[in-house]
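Only a predicted model underlies this, so the values are computations on that prediction, with no experimental measurement involved.
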Amino acid sequence: QVQLVESGGGSVQAGGPLRLSCKASGFRFVFSSYCMAWFRQAPGKEREGVAVISRGNSIWYVDSVKGRFTVSRHNANHTISLQMNVLKPEDSAMYYCAAEFSGGRDCLSLTAATDYSVWGQGTQVTVSS
(Lines give C-alpha, C1' and ligand atoms only; values in the text may rest on other atoms or scores of the structure.)
Protein backbone atom coordinates (compact mmCIF):
# COMPACT_ATOMS: atom_id res chain seq x y z
CA GLN A 1 0.00 0.00 0.00
CA VAL A 2 0.98 3.64 -0.44
CA GLN A 3 3.01 4.71 2.55
CA LEU A 4 5.12 7.61 3.78
CA VAL A 5 7.21 7.11 6.89
CA GLU A 6 8.88 10.06 8.61
CA SER A 7 11.83 9.87 10.97
CA GLY A 8 14.28 12.18 12.69
CA GLY A 9 12.10 14.29 14.95
CA GLY A 10 12.98 15.02 18.55
CA SER A 11 13.76 17.70 21.08
CA VAL A 12 16.43 20.33 20.60
CA GLN A 13 17.42 23.66 22.11
CA ALA A 14 16.82 26.86 20.20
CA GLY A 15 19.53 27.47 17.64
CA GLY A 16 20.21 23.78 17.11
CA PRO A 17 19.65 21.58 14.06
CA LEU A 18 17.49 18.59 13.25
CA ARG A 19 17.14 16.55 10.08
CA LEU A 20 13.91 14.88 9.09
CA SER A 21 13.60 12.11 6.54
CA CYS A 22 10.64 10.59 4.73
CA LYS A 23 10.63 7.24 2.95
CA ALA A 24 7.98 6.55 0.30
CA SER A 25 6.74 3.16 -0.83
CA GLY A 26 3.90 1.64 -2.78
CA PHE A 27 3.35 4.55 -5.16
CA ARG A 28 1.37 3.77 -8.30
CA PHE A 29 3.60 5.91 -10.51
CA VAL A 30 7.36 6.49 -10.50
CA PHE A 31 8.43 8.42 -7.39
CA SER A 32 9.92 11.26 -9.42
CA SER A 33 6.49 12.09 -10.85
CA TYR A 34 5.20 13.10 -7.42
CA CYS A 35 5.29 16.52 -5.84
CA MET A 36 6.71 16.06 -2.36
CA ALA A 37 6.23 18.36 0.59
CA TRP A 38 6.73 18.93 4.28
CA PHE A 39 3.94 20.36 6.41
CA ARG A 40 3.72 21.11 10.10
CA GLN A 41 0.93 21.54 12.58
CA ALA A 42 1.17 23.01 16.06
CA PRO A 43 -1.58 22.48 18.65
CA GLY A 44 -4.58 24.65 17.91
CA LYS A 45 -3.24 25.78 14.55
CA GLU A 46 -3.91 24.82 10.95
CA ARG A 47 -1.57 22.55 9.06
CA GLU A 48 1.01 24.77 7.35
CA GLY A 49 3.10 24.13 4.28
CA VAL A 50 6.82 24.31 5.06
CA ALA A 51 8.53 23.23 1.83
CA VAL A 52 7.63 21.76 -1.55
CA ILE A 53 10.03 20.09 -3.97
CA SER A 54 9.40 19.01 -7.55
CA ARG A 55 11.01 16.20 -9.54
CA GLY A 56 13.40 18.74 -11.01
CA ASN A 57 14.27 20.13 -7.57
CA SER A 58 12.32 23.34 -7.95
CA ILE A 59 11.61 24.39 -4.36
CA TRP A 60 9.15 26.54 -2.43
CA TYR A 61 9.57 27.50 1.23
CA VAL A 62 7.23 29.30 3.57
CA ASP A 63 8.74 32.68 4.42
CA SER A 64 9.32 31.83 8.09
CA VAL A 65 11.86 29.09 7.29
CA LYS A 66 13.71 30.61 4.34
CA GLY A 67 17.46 30.62 4.95
CA ARG A 68 17.16 28.09 7.79
CA PHE A 69 15.56 24.98 6.27
CA THR A 70 16.70 23.00 3.24
CA VAL A 71 14.57 20.38 1.51
CA SER A 72 16.04 17.73 -0.78
CA ARG A 73 14.82 14.63 -2.57
CA HIS A 74 16.57 11.46 -3.64
CA ASN A 75 14.49 9.89 -6.38
CA ALA A 76 16.55 6.70 -6.57
CA ASN A 77 15.94 6.02 -2.87
CA HIS A 78 12.34 7.30 -2.81
CA THR A 79 13.17 9.67 0.02
CA ILE A 80 13.00 13.34 0.86
CA SER A 81 14.75 15.16 3.68
CA LEU A 82 14.35 18.41 5.57
CA GLN A 83 17.48 19.88 7.13
CA MET A 84 16.40 22.36 9.78
CA ASN A 85 18.99 24.76 11.18
CA VAL A 86 18.79 27.61 13.68
CA LEU A 87 15.59 26.18 15.07
CA LYS A 88 13.26 28.44 17.00
CA PRO A 89 10.61 27.60 19.61
CA GLU A 90 7.95 28.60 17.09
CA ASP A 91 9.15 25.77 14.84
CA SER A 92 7.81 23.28 17.39
CA ALA A 93 5.09 21.18 15.75
CA MET A 94 4.23 17.81 14.34
CA TYR A 95 5.93 17.59 10.96
CA TYR A 96 4.30 15.63 8.14
CA CYS A 97 5.60 14.38 4.81
CA ALA A 98 3.09 14.57 1.95
CA ALA A 99 2.93 13.45 -1.67
CA GLU A 100 0.75 14.21 -4.66
CA PHE A 101 1.02 12.91 -8.22
CA SER A 102 1.93 15.94 -10.28
CA GLY A 103 -0.01 14.97 -13.43
CA GLY A 104 1.73 17.78 -15.26
CA ARG A 105 0.91 20.39 -12.63
CA ASP A 106 3.46 22.83 -11.29
CA CYS A 107 4.42 21.40 -7.90
CA LEU A 108 5.22 24.86 -6.57
CA SER A 109 1.53 25.75 -6.89
CA LEU A 110 0.64 22.92 -4.49
CA THR A 111 1.34 24.51 -1.11
CA ALA A 112 -1.90 23.83 0.77
CA ALA A 113 -2.66 20.72 2.79
CA THR A 114 -5.77 20.13 0.68
CA ASP A 115 -3.54 19.76 -2.41
CA TYR A 116 -2.05 16.49 -1.09
CA SER A 117 -3.63 13.07 -0.92
CA VAL A 118 -0.87 10.96 0.65
CA TRP A 119 0.37 11.64 4.17
CA GLY A 120 2.78 10.21 6.65
CA GLN A 121 1.99 9.69 10.31
CA GLY A 122 4.09 12.66 11.42
CA THR A 123 7.14 13.18 13.58
CA GLN A 124 7.26 15.56 16.53
CA VAL A 125 9.75 18.44 16.67
CA THR A 126 10.09 20.31 19.95
CA VAL A 127 12.37 23.33 20.29
CA SER A 128 13.04 24.68 23.76
CA SER A 129 14.21 28.21 24.50
Side-chain angles (χ1 to χ4, degrees):
Q1 69 277 20
V2 176
Q3 194 172 20
L4 295 173
V5 179
E6 302 97 335
S7 61
S11 297
V12 65
Q13 288 193 327
L18 274 178
R19 184 177 180 87
L20 306 183
S21 294
C22 171
K23 174 73 173 178
S25 61
F27 281 10
R28 178 180 179 186
F29 303 105
V30 63
F31 176 76
S32 60
S33 65
Y34 286 80
C35 304
M36 299 298 297
W38 287 99
F39 284 79
R40 64 187 178 186
Q41 188 167 20
K45 294 189 176 181
E46 292 187 357
R47 193 165 295 192
E48 172 189 44
V50 175
V52 175
I53 185 167
S54 73
R55 66 181 296 173
N57 291 318
S58 295
I59 292 170
W60 169 89
Y61 295 107
V62 68
D63 286 347
S64 60
V65 309
K66 287 179 180 177
R68 301 187 297 120
F69 290 12
T70 302
V71 64
S72 58
R73 69 185 291 163
H74 311 278
N75 290 328
N77 295 332
H78 296 188
T79 61
I80 66 169
S81 299
L82 184 69
Q83 177 66 44
M84 305 184 293
N85 295 327
V86 195
L87 281 161
K88 303 175 181 180
E90 52 264 42
D91 294 319
S92 296
M94 186 72 79
Y95 281 71
Y96 297 90
C97 177
E100 179 67 17
F101 176 63
S102 66
R105 292 174 290 176
D106 179 5
C107 290
L108 301 194
S109 69
L110 306 182
T111 60
T114 52
D115 293 327
Y116 291 82
S117 58
V118 182
W119 292 87
Q121 82 288 351
T123 186
Q124 180 67 40
V125 171
T126 303
V127 184
S128 58
S129 57

Transitive ILVMFWY side-chain link Y34 to V5, under 4.5 Å: no
Counting only pairs under 3.5 Å, give me each side-chain donor-acceptor contact of residues 86-100, with atom names and distances, residues two or more places apart or in other chains.
{"unit_1": "D91", "atom_1": "OD1", "unit_2": "R40", "atom_2": "NH1", "d": "3.0"}
{"unit_1": "D91", "atom_1": "OD1", "unit_2": "R68", "atom_2": "NH2", "d": "3.0"}
{"unit_1": "D91", "atom_1": "OD2", "unit_2": "R68", "atom_2": "NH1", "d": "2.7"}
{"unit_1": "D91", "atom_1": "OD2", "unit_2": "R68", "atom_2": "NH2", "d": "3.4"}
{"unit_1": "D91", "atom_1": "OD2", "unit_2": "K88", "atom_2": "N", "d": "2.8"}
{"unit_1": "S92", "atom_1": "OG", "unit_2": "P89", "atom_2": "O", "d": "2.9"}
{"unit_1": "S92", "atom_1": "OG", "unit_2": "V127", "atom_2": "N", "d": "2.8"}
{"unit_1": "S92", "atom_1": "OG", "unit_2": "V127", "atom_2": "O", "d": "3.4"}
{"unit_1": "Y95", "atom_1": "OH", "unit_2": "R40", "atom_2": "NH1", "d": "2.9"}
{"unit_1": "Y95", "atom_1": "OH", "unit_2": "D91", "atom_2": "O", "d": "2.6"}
{"unit_1": "E100", "atom_1": "OE1", "unit_2": "S117", "atom_2": "N", "d": "2.9"}
{"unit_1": "E100", "atom_1": "OE1", "unit_2": "S117", "atom_2": "OG", "d": "2.6"}
{"unit_1": "E100", "atom_1": "OE2", "unit_2": "R105", "atom_2": "NH2", "d": "3.2"}

With sequence neighbours excluded, residues passing side-chain contact (heavy atoms from CB on, under 4.5 Å) with N57: I53, R73
Ring pair (Phe, Tyr, Trp, His ring centres under 6.0 Å) partners for Y116, two or more places apart: F39
Which residues share a salt bridge (Lys or Arg N to Asp or Glu O under 4.0 Å) with K45, sequence neighbours left out: none
Results of ring pair (Phe, Tyr, Trp, His ring centres under 6.0 Å) for W60 - residues two or more places apart only: none
Shortest non-hydrogen contact between S64 and E48, atoms and distance: OG-OE2, 4.4 Å
Non-hydrogen atoms of V52 and L108 that approach each other most closely: O-CD2, 4.1 Å
Closest non-hydrogen atom pair, C35 against L110: SG-CD1, 3.8 Å
Spacing of H74 atom NE2 and M36 atom CE [to the nearest 0.5 Å]: 11.5 Å
Taking every non-hydrogen atom, the tightest pair across I80 and W38: CD1-NE1, 3.3 Å
Side-chain atoms of residues 16-32: list all donor-acceptor pairs with protein atoms under 3.5 Å, sequence neighbours left out, distances to 0.1 Å.
{"unit_1": "R19", "atom_1": "NH1", "unit_2": "Q83", "atom_2": "OE1", "d": "3.2"}
{"unit_1": "K23", "atom_1": "NZ", "unit_2": "N77", "atom_2": "O", "d": "2.7"}

For the student: nearest non-hydrogen atoms of V50 and V65, plus distance: O-CG2, 3.9 Å
